[in-house]
Q: 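The structure follows.
This is a predicted model, so every value here is computed, not measured. In listed order, ligands and their atoms are each counted from 1.
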Amino acid sequence: MSGTSDLRTPTGEDVAVAGFIRRLPKAELHLHIEGTLEPEMLLELARRNGVDLPCSTAEECRARYRFKDLQDFLDLYYAVLDVLVTEQDFHDLTAAYLRRVAADGARHVEVSFDPQSHVPRGVPFDDIVGGITRALREGETEHGVSWRLIMCFLRDRPPAEAMEMLELALPHRDVIAGIGLDSAEVGHPPGQFAEVYERAREAGLVAVAHAGEEGPPEYIAEALDVLKVRRVDHGVAAIHDPALQRRLAEAGIALTMCPLSNLQLQVTPDLTRHPLKRLLDAGLLVTVNSDDPAYFDGYLLQNYVAAQKALGLSLADLAQLARNSITASLLPDARKAELLDEIDLAAAAD
Ligand code: ADE
Ligand code: ZN
């Protein structure tokens with residue numbers, strides 16, 4: 001797409017930097033599994049399940065991926081999800097993502113899914129979770145990528161519906177580690193979901209939420225105060241509030257930033273103006289992630305590469321971002337320590 005075309009003609013140095021990033025052990029912490037639906041698989045699943053699509057070739061589908069804002073993207077994103085029907089569909093989607101992200105050097109992933117995009121269409125909750133976790137378990141064996149699963153609520157749907165999803169999720173507490181909040185942000189402040197988050201916390205689930213993607217910094221503060229989140233998805237708007245930055249830095253609350261998503265959804269007009277580097281320099285636990293890679297022109301590695309190029313990140317910055325992804329993950333401390341040691345070795349070898 002136009003905004004990243006200059007990032008597609010790699011020099012020898014770019015190739016070396018990409019190799020360095022690939023060799024760094026990393027975690028992906030902000031990834032919607034529905035956002036990994038590549039046009040080729042979209043067409044295959046539509047054929048398998050007898051679903052009509054508005055496009056008939058991968059090129060035709062891809063040509064529609066130009067978005068003026070988050071809502072414009074969400075309209076297209078939700079419209080094609082009818083192709084995901086069976087346990088096998090969710091498995092195949094997840095397996096394809098794991099192959100891609102393992103090749104990028106990911107060692108751990110925290111995958112989100114949106115049950116409200118599927119359950120009301122008649123897809124059993126157990127089939128969604130069953131298909132995704134079957135692929136995650138296989139991926140752990142095949143690629144050595146560990147995982148956690150996060151269930152997101154759609155913030156533009158009523159909180160009562162989120163509560164119903166939470167009740168469906170509680171029997172799957174063994175595989176669902178946390179809850180998140182996504183979809184259209186502006187006009188849907190986090191506080192509306194206070195009760196759902198409280199019930200989830202009581203059940204031992206970890207809390208994260210999208211905040212400050214298109215919404216104001218006040219939504220980030222509200223996610224901290226009311227939802228008691230331990231990570232903020234995106235958090236771009238923190239750049240406008242130095243006191244909030246200090247709070248996030250002191251509390252060690254990570255921002256799971258997604259540079260190519262922010263570019264494609266016009267959250268940032270130009271990657272050179274993305275706040276990632278300024279927030280990293282301000283001491284925040286900034287991480288790099290892909291959000292919906294099938295739609296935004298890049299998986300995990302491409303997000304690191306694009307941010308590096310646009311913001312002039314040093315090798316030390318890149319190693320710090322990889323470290324942050326491990327520190328901010330839901331892994332146990334002993335596993336974090338092992339992976340952090342591996343990052344130090346990988347960074348020192350260059
Ligand atoms: N759902 C999938 N991608 C999203 C994004 N970038 N923001 C909010 N909700 C989403
Ligand atoms: Zn997201």
Side-chain angles (χ1 to χ4, degrees), residues 1 3 27-38 42 65-81 84 90 93-94 97 101 109-118 128 132 148-157 161-162 165 178-190 192-193 207-216 219-220 223 227 229 231-238 254-268 271 274-276 286-300 302-303 306 325 328:
M1 269 177 214
E28 171 140 77
L29 306 179
H30 181 168
L31 180 280
H32 303 266
I33 200 63
E34 294 89 348
T36 67
L37 184 54
E38 293 285 346
L42 175 67
Y65 296 179
R66 292 175 178 276
F67 309 109
K68 69 178 193 313
D69 56 20
L70 174 59
Q71 188 62 60
D72 192 30
F73 160 66
L74 292 171
D75 290 344
L76 184 142
Y77 170 83
Y78 293 132
V80 298
L81 291 182
L84 288 166
F90 285 91
L93 180 70
T94 308
Y97 161 66
V101 79
V109 292
E110 301 196 351
V111 169
S112 293
F113 71 108
D114 283 335
Q116 284 157 286
S117 300
H118 316 298
I128 306 167
I132 296 173
R148 295 288 183 275
L149 189 57
I150 297 175
M151 180 177 87
C152 281
F153 304 119
L154 304 184
R155 68 200 309 156
D156 49 355
R157 304 282 312 158
E161 198 178 292
M165 292 300 127
I179 53 159
L181 191 63
D182 63 3
S183 204
E185 185 180 8
V186 175
H188 303 286
Q192 294 179 341
F193 292 83
V208 303
H210 285 54
E213 180 184 18
E214 283 188 344
Y219 282 19
I220 300 176
L227 304 186
V229 295
R231 288 198 308 245
V232 172
D233 291 322
H234 293 294
V236 180
L255 302 186
T256 63
M257 304 197 96
C258 308
L260 292 176
S261 164
N262 296 152
L263 181 68
Q264 301 298 355
L265 301 189
Q266 323 281 340
V267 168
T268 185
L271 272 192
H274 194 281
L276 183 148
V286 173
T287 66
V288 172
N289 308 272
S290 69
D291 206 8
D292 301 288
Y295 294 95
F296 301 148
D297 230 9
Y299 284 74
L300 184 61
Q302 285 154 294
N303 273 273
S325 74

Q: Are any of the N/O atoms on E213, whether in the backbone or the side chain, positioned under 3.5 angstrom from an N/O atom of ligand 1?
A: yes

Q: Of all N, O or S atoms in H32, which has the smallest distance to the Zn ion (ligand 2)?
A: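 That would be atom NE2.
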
Q: Write down the atom of R155, the atom of A184, and the distance for their closest heavy-atom approach.
A: CG-O, 3.1 Å

Q: Using a 4.0 Å cutoff against the non-hydrogen atoms of H234, which atoms of ligand 1 qualify?
A: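 Numbered from 1, ligand 1 contributes 6 (N).
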
Q: Heavy atoms only, cut-off 4.0 Å: how does E34 contact ligand 1, side chain, backbone, both, or neither?
A: neither

Q: Quick one: report the N, O or S atom of H30 that is nearest to the Zn ion (ligand 2).
A: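 The closest N, O or S atom of H30 to the Zn ion (ligand 2) is NE2.
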
Q: Within the stated cut-off of 2.8 Å, is an N/O/S atom of E213 closer than that to the Zn ion (ligand 2)?
A: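 Within the cut-off used here (under 2.8 Å), E213 places no N, O or S atom near the Zn ion (ligand 2).
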
Q: Tell me which one of Q264, Q71, H30, H32 gets a heavy atom nearest to atom 1 (N) of ligand 1.
A: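 Nearest option to atom 1 (N) of ligand 1, by heavy atoms: H32.
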
Q: Got F90 and L84 here, is their nearest side-chain heavy-atom distance under 4.5 Å?
A: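 When only atoms from C-beta onward are counted, L84 and F90 do touch, with a gap below 4.5 Å.
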
Q: For ligand 1, which atoms sit closer than 4.0 Å to a heavy atom of F73?
A: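 The atoms of ligand 1 under 4.0 Å from a heavy atom of F73 are 3 (N).
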
Q: To the nearest 10°, what's the angle at the Zn ion (ligand 2) between atoms NE2 (H210) and OD1 (D291)?
A: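 Here the angle at the metal atom is close to 170°, to 10°.
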
Q: Which is it for S183 and D156 under the side-chain hydrogen bond (donor to acceptor under 3.5 Å, both in side chains) test, yes or no, and what are the steps along the way?
A: CA-CA 7 Å; S183 204; D156 49 355; 2.9 Å; yes

Q: Below the 3.5 angstrom mark, is there an N/O of Y78, backbone or side chain, next to an N/O of ligand 1?
A: no

Q: If you measure from CG on D114 to CG on L81, what distance do you get to the nearest 0.5 Å?
A: 8.0 Å

Q: Quick one, E28 and S325 - any side-chain contact, counting heavy atoms below 4.5 Å?
A: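 Answer no - side chains too far apart.
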
Q: By number and element, which atoms of ligand 1 are closer than 4.0 Å to a non-hydrogen atom of D292?
A: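 Matching atoms, with element in brackets: 2 (C), 3 (N), 4 (C), 6 (N).
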
Q: Do N262 and H234 have side-chain heavy atoms sitting under 4.5 Å apart?
A: yes

Q: Which of the numbered atoms in ligand 1 are under 4.0 angstrom from any heavy atom belonging to D291?
A: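 Result: 3 (N), 5 (C), 6 (N).
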
Q: Taking 4.0 angstrom as the limit and counting only heavy atoms of Y77, give me the atoms of ligand 1 inside it, by number and element.
A: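 With Y77 as reference, the close atoms of ligand 1 come out as 2 (C).
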
Q: Between F113 and H118, is the ring centroid distance below 6.0 Å?
A: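 So the answer is no for these two rings.
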
Q: Using non-hydrogen atoms of the residue, decide whether S183 is closer than 4.0 angstrom to ligand 1.
A: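 For ligand 1, residue contact (heavy atoms, under 4.0 Å) with S183 is present.
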
Q: For a 4.5 angstrom cut-off between non-hydrogen side-chain atoms, does L93 reach L37?
A: yes

Q: First locate atom CG of L260, then atom CG of N289, and finally report the distance between them rounded to the nearest 0.5 Å.
A: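 So the gap between those two atoms works out to 11.5 Å.
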
